[in-house]
Amino acid sequence: MKTRSLLLSLACALLLAGCAQYDNQRGVEVSWRESATRDLVRGQSTRADVLALLGPPSQVIALGEETALYYLFEHSEGEGLILILYNRMRINTRYDRAIFFFDDNDVLTEYATQINERD
Amino acid sequence: MLYRASLLAACLILSACTQWRFNLGSPLKKLELPPESVTYLSEVLVMLGPPQRISASDGGYVLAWEHWHVKENALGFSLGLLGADFMSIDVGDMYAKGEFLLATFDREHRLSSVSRSTWDNRGGGGRAVQPFFSFVDVVETGDLVGRLPQHRWGASMLQRLPEALNDGSDPDAGENGLEQRGTPPNVGQRSLEMH
């Protein structure tokens, strides 16, 4: 009788248990890897070079005659445990990004890139 | 038998405990500034990488890096088995931990100020007795875990009218300063958006 109850409880627990997986990606394609940007030279490369290499940015920022191009890729990954009585969800969001500054002659003055390692 | 039935009833009455964990970004590196020397934008970008937020300002650029960890705990009780199936009880709490680094640069790209803040606070919570369903959330985290504003930049003039009219002061535009997550929209630069 006890074994039967135990098995019934276990079956109930398994039937009522669940899991969830979540993945969400927003932004521009990550094209600013080291292999792609190594040819960019501060003081020589132009805004046209960067746009040709990386495509349209997420945002354009203007300061007087200067401009900055900002590229952003946002990636959220989540996983969850659903046990009806107890549920737990964990979501990690990382931001791959790149920024390029240009002077009033559209020449690249500074830039930085960051790509987070995939788990 | 009675014991088992009571245990089952208790499990059904205590309907659920739910925990959410949000981790946004990576922990910030320490900004080591060389003593008594001018620091340029290029050096800061090498130390910290591209910022999460950036805006032009009258005097130059404002850059911000951030890391957030948000915890949300919610506990819900249903009184259905006690004969009160028209009523539910909800209890919730939220905690936010994070760091924010703000750096401003003049038009010559020289660092003009740095400010860093860290926090580990209770961000709110509540209790509710509600009829039939949980109509009202007792924990609100939407304004802390949303997407970065750069994704909406191109559509800034396609928002509903009060927000489109406020485009000249919108902190998401990248030309008018920036704001941290969770900044109340009813005051300051967003007050014209009539939230």
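Each chain gets a letter, A, B and so on, in the order its sequence line appears, and its residues count up from 1.
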| note | Greatest number of non-hydrogen atom pairs under 4.5 angstrom with chain B, of A:Gln114, A:Arg42, A:Glu66, falls to A:Glu66
| query | Step by step, would you call B:Trp153 with A:Tyr70 a side-chain contact (heavy atoms from CB on, under 4.5 Å)? | reply | CA-CA 11 Å; B:Trp153 173 74; A:Tyr70 190 95; over 6 Å; no
Review item, side-chain donor-acceptor pairs of residues 164-172 of chain B, under 3.5 Å, at least two apart:
from: B:Asn166; atom 1: ND2; to: B:Gln189; atom 2: O; distance (Å): 2.7
from: B:Asn166; atom 1: ND2; to: B:Glu193; atom 2: OE2; distance (Å): 3.1
from: B:Asp167; atom 1: OD1; to: B:Ser156; atom 2: OG; distance (Å): 3.4
from: B:Asp170; atom 1: OD1; to: B:Asp172; atom 2: N; distance (Å): 2.9
from: B:Asp170; atom 1: OD1; to: B:Arg190; atom 2: NH1; distance (Å): 3.3
from: B:Asp172; atom 1: OD1; to: B:Arg190; atom 2: NH2; distance (Å): 2.9
from: B:Asp172; atom 1: OD2; to: B:Arg152; atom 2: NH2; distance (Å): 3.0
from: B:Asp172; atom 1: OD2; to: B:Arg190; atom 2: NH2; distance (Å): 2.9

Answer with yes or no whether the hydrophobic clustering places [X] together with [Y]; edges join I, L, V, M, F, W, Y residues whose side-chain heavy atoms lie under 4.5 Å apart.
X        : Y        : answer
B:Met47  : B:Leu45  : yes
B:Tyr40  : B:Leu48  : no
B:Tyr95  : B:Val70  : no
A:Val107 : A:Phe100 : no
A:Met89  : B:Val145 : yes

Using non-hydrogen atoms only, which part of [X] is less than 4.5 Å away from chain A: side chain, backbone, both, or neither?
X        : result
B:Leu148 : both
B:Ser26  : side chain
B:Pro51  : both

Atom [atom1] of [X]: over 12 foreign heavy atoms under 6.0 Å:
X        : atom1 : answer
A:Asp104 : CG    : yes
A:Gln25  : CD    : yes
A:Glu65  : CD    : no

[X] [atom1] to [Y] [atom2] distance, which is reported to the nearest 0.5 Å:
X        : Y        : atom1 : atom2 : answer
A:Tyr111 : B:Ser42  : OH    : OG    : 12.0 Å
A:Tyr95  : B:Arg53  : OH    : CZ    : 8.0 Å
A:Arg90  : B:Asn23  : CZ    : CG    : 8.0 Å
B:Glu43  : A:Glu110 : CD    : CD    : 9.5 Å
B:Phe105 : A:Leu63  : CZ    : CG    : 13.0 Å
A:Ile99  : B:Leu41  : CD1   : CG    : 7.5 Å

For [X] against [Y], the heavy-atom pair lying closest together:
X        : Y        : answer
A:Ile91  : B:Trp20  : CD1-CZ3, 3.8 Å
B:Ala56  : A:Ala62  : CB-O, 3.3 Å
B:Gln150 : A:Gln59  : CG-OE1, 3.2 Å
B:Pro50  : A:Ala112 : CG-O, 3.4 Å

| message | Checking an interface table here. Which of residues 173-183 of chain B come within a heavy-atom distance under 4.5 Å of chain A? | response |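 Listed by number: B:Ala173, B:Gly174, B:Glu175, B:Arg181.
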| query | If you measure only the distance, is there a donor-acceptor pair under 3.5 Å linking the side chains of A:Tyr86 and B:Gln19? | reply | yes
Examine whether an atom of [X] lies under 4.5 Å from a heavy atom of chain B, and if so say whether it belongs to the side chain, the backbone or both; otherwise answer neither.
X        : result
A:Val28  : neither
A:Phe101 : side chain
A:Thr113 : backbone

| said: List the residues meeting side-chain hydrogen bond (donor to acceptor under 3.5 Å, both in side chains) with A:Thr93, not counting sequence neighbours, and say none if there are none. | reply: A:Ser76
| Which residues share a side-chain hydrogen bond (donor to acceptor under 3.5 Å, both in side chains) with B:Arg21, sequence neighbours left out | B:Asn73
